[in-house]
Amino acid sequence: MVSLKLSLRPWKSAPMTQWMALGSLAFILVGFNSVYWIGENVASIVDKLEAERIVTVYLDPSVGKRPDEPHLQTGVIQDAIKTQLGSSRVSSDYTDAATFLKDLETSYPELAHEVQALGADAEWVTPRFFTLKGAVSDTTIEELKKIPGIEGVESSDKKVHPVTQSLKAIFWVSRLFTGGLALAFVTLLFLIARLNRQCQSEVASMIRQWGGTRMQMRMPQVWNQFLLACSSAVLAIATWIYCQPLLMRHMGALSPYLRELKLQSPMKMLAVAFSAALFGWVSGWLTSDAELTANEQ
Amino acid sequence: MIQLKAVSKSYSQKNRVLDQVNLDIKKGEFVYLLGGTGAGKTTLFKLIATEELPSTGELSVFGYSARNSSEATLQAIRRSIGYIPQKVSLISDFTVFENVALSLSYGGSRLLKQEARQKIYELLDRLQLLHRKDALARELSGGETQRVAVARALARQPELLIADEPTGAQDFQHTWTVMDLLLRANVHGMTVIVATHDRDIVRRVRKRCLLLQNGKLTSEESALWSR
Ligand SMILES: Nc1ncnc2c1ncn2[C@@H]1O[C@H](COP(=O)(O)OP(=O)(O)OP(=O)(O)O)[C@@H](O)[C@H]1O
Ligand SMILES: [Mg+2]
């Protein structure tokens, strides 16, 4: 544990620098994790939005009017739609003329009165339709159009298009920041390693003189960097666990689409911490001396 | 124990710091290395301590060739050498005791923990440093720093001690404190090489003398004492 004691010397000689570095590293890690987490969530929301759409299937006005044509009955058509949808999880709602008029009355009362004034002819102008919500593919829509008694099929994918586009933009921006912050973390780690090396290379040449191995020469610097990275990771995780719900609430307030953000899994958090520690070790290894440096001046 | 055959060392092509040095030091000897400043004494010590390799020639320490030995062998050689450098460097934010104890953590001595502690206290006492044992190294005077380096090298109980002007920063009294320790260690079987400018020491304690002049080992005679 001698090398551990030696490794902590920079904390004695320049404590402020080390604390600042620790704080900055933890801060960068929290930033990295937030941006990464947002990007991941946005990507899954985009996937969901792209798969999900609202399809309106309008019935021909003649459906249900002629008892002599058995395939032009509402129930038969509903079964045909269900067959087309198969096992995919799509909800289907039927709106008949009466329900439509009732809905119309609440939002456009005058229009509703005019339609009602038509009397029996009203049935020919009030639409009847099925509303399908869920992942409906383009081919299914084509198949639906072929069912007899269906006047037309309308799909809502154009409506969510702008939303998915802006969410995708958020996704790419978050990826950019993820990369930038990772780079900043590694850079800061190496900068502080270079700074601390001054203090450790003198000890390394002493250890060499006493017959220590190359590993023993490196250890003080490696430990120092490793512990710095580890403690910044621990600090970052603590901050993240505390701040994540807060961040989630703010993001949810930003857009209804962002209300479905999920908490990050602990495994991902651990993976980030583990990589941080690994980079700490590597930065220590690459900046430590396993050979004599003092005489090369 | 130490053999040099036509050893030369140069840092640049123009000047040779050591020039064709032939030398043989036997186990248990006490040897002075004399020579003006810039003669190459420190350089010779760095070679013997296997800190650096000779440019040409054959150097062997404890019977192992410095050039052809594996890294592990060189490490074992270094563990058996106590080196008091001319430019002493201590770990400034460690105490005197910690500085001496630290060198024991990297091999050299096979003492148990309690024994080692006792040994260090004894050495510090001999060097009149016991009252400073908890002082930080950066708070020491030049002479005290040098004596800590003496304690550090001796605590390892090396087979070979090389001391590069170990009394350079000492007053008359402490010069003899240090010399007394080195001579005692030699009596107990340690091979000791001392580089010094102090003719007084050489005259009072008559031992084998080596004289380096401009990188050449010019004479090796006891007649030097009288000069
Ligand atoms: N690393 C080095 N690079 C270049 N030249 C060096 C190096 N080390 C020593 N020298 C040169 O080698 C010569 C001998 O140096 P050395 O330190 O061995 O002398 P010294 O006998 O120990 O002198 P002093 O009594 O002043 O300590 C000097 O001229 C010095 O400038
Ligand atoms: Mg010298």
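On a predicted model such as this, the values are computed, not experimentally measured, just so you know. Within every chain, numbering begins at 1; the chains are lettered A, B, ... in the order of the sequence lines, protein sequences first and strands thereafter.
Within 6.0 Å of NE2 on His131(B) lie more than 12 heavy atoms contributed by other residues, nucleotides or ligands. For Arg67(B), the CZ atom counts as densely surrounded, since its 6.0 Å shell holds more than 12 non-hydrogen atoms of other residues, nucleotides or ligands. Open room surrounds CZ on Phe279(A); 12 or fewer heavy atoms of other groups in view lie less than 6.0 Å from it. Residue-environment remark: CZ (Phe190(A)) exceeds the threshold of 12 foreign heavy atoms within 6.0 Å. Atom CZ of Phe177(A) has 12 or fewer neighbouring heavy atoms from other residues, nucleotides or ligands inside a 6.0 Å radius. Counted within 6.0 Å of OH on Tyr64(B), heavy atoms from surrounding residues, nucleotides or ligands total 12 or fewer; the atom is thus considered open.
Across Ile91(B) and Arg9(A), no two heavy atoms sit closer than the pair CG2-NE, 3.2 Å. Residue Gln209(A) comes nearest to Glu51(B) through the heavy atom pair NE2-OE1, 2.9 Å, listed as atom of the first residue, atom of the second, then distance. Shown here for Ser89(B) and Glu202(A), the closest heavy-atom pair between the two residues is CB-OE2, 3.5 Å. For the residue pair Arg214(A) and Glu71(B), the shortest heavy atom distance occurs at NH2-OE1, 3.3 Å.
Here Arg208(A) contributes atom CZ and Tyr106(B) contributes atom OH; the two are 15.0 Å apart, rounded to the nearest 0.5 Å. Here the CZ-CD1 distance, from Arg78(B) to Ile207(A), works out to 12.5 Å after rounding to the nearest 0.5 Å.
Residues Met206(A) and Arg152(B) form a side-chain contact, since some pair of their non-hydrogen atoms from C-beta on lies under 4.5 Å apart.
Annotation: cation-pi pair Lys12(A)/Phe94(B) absent, no NZ/CZ under 6.0 Å from the ring centroid and within 45° of its normal.
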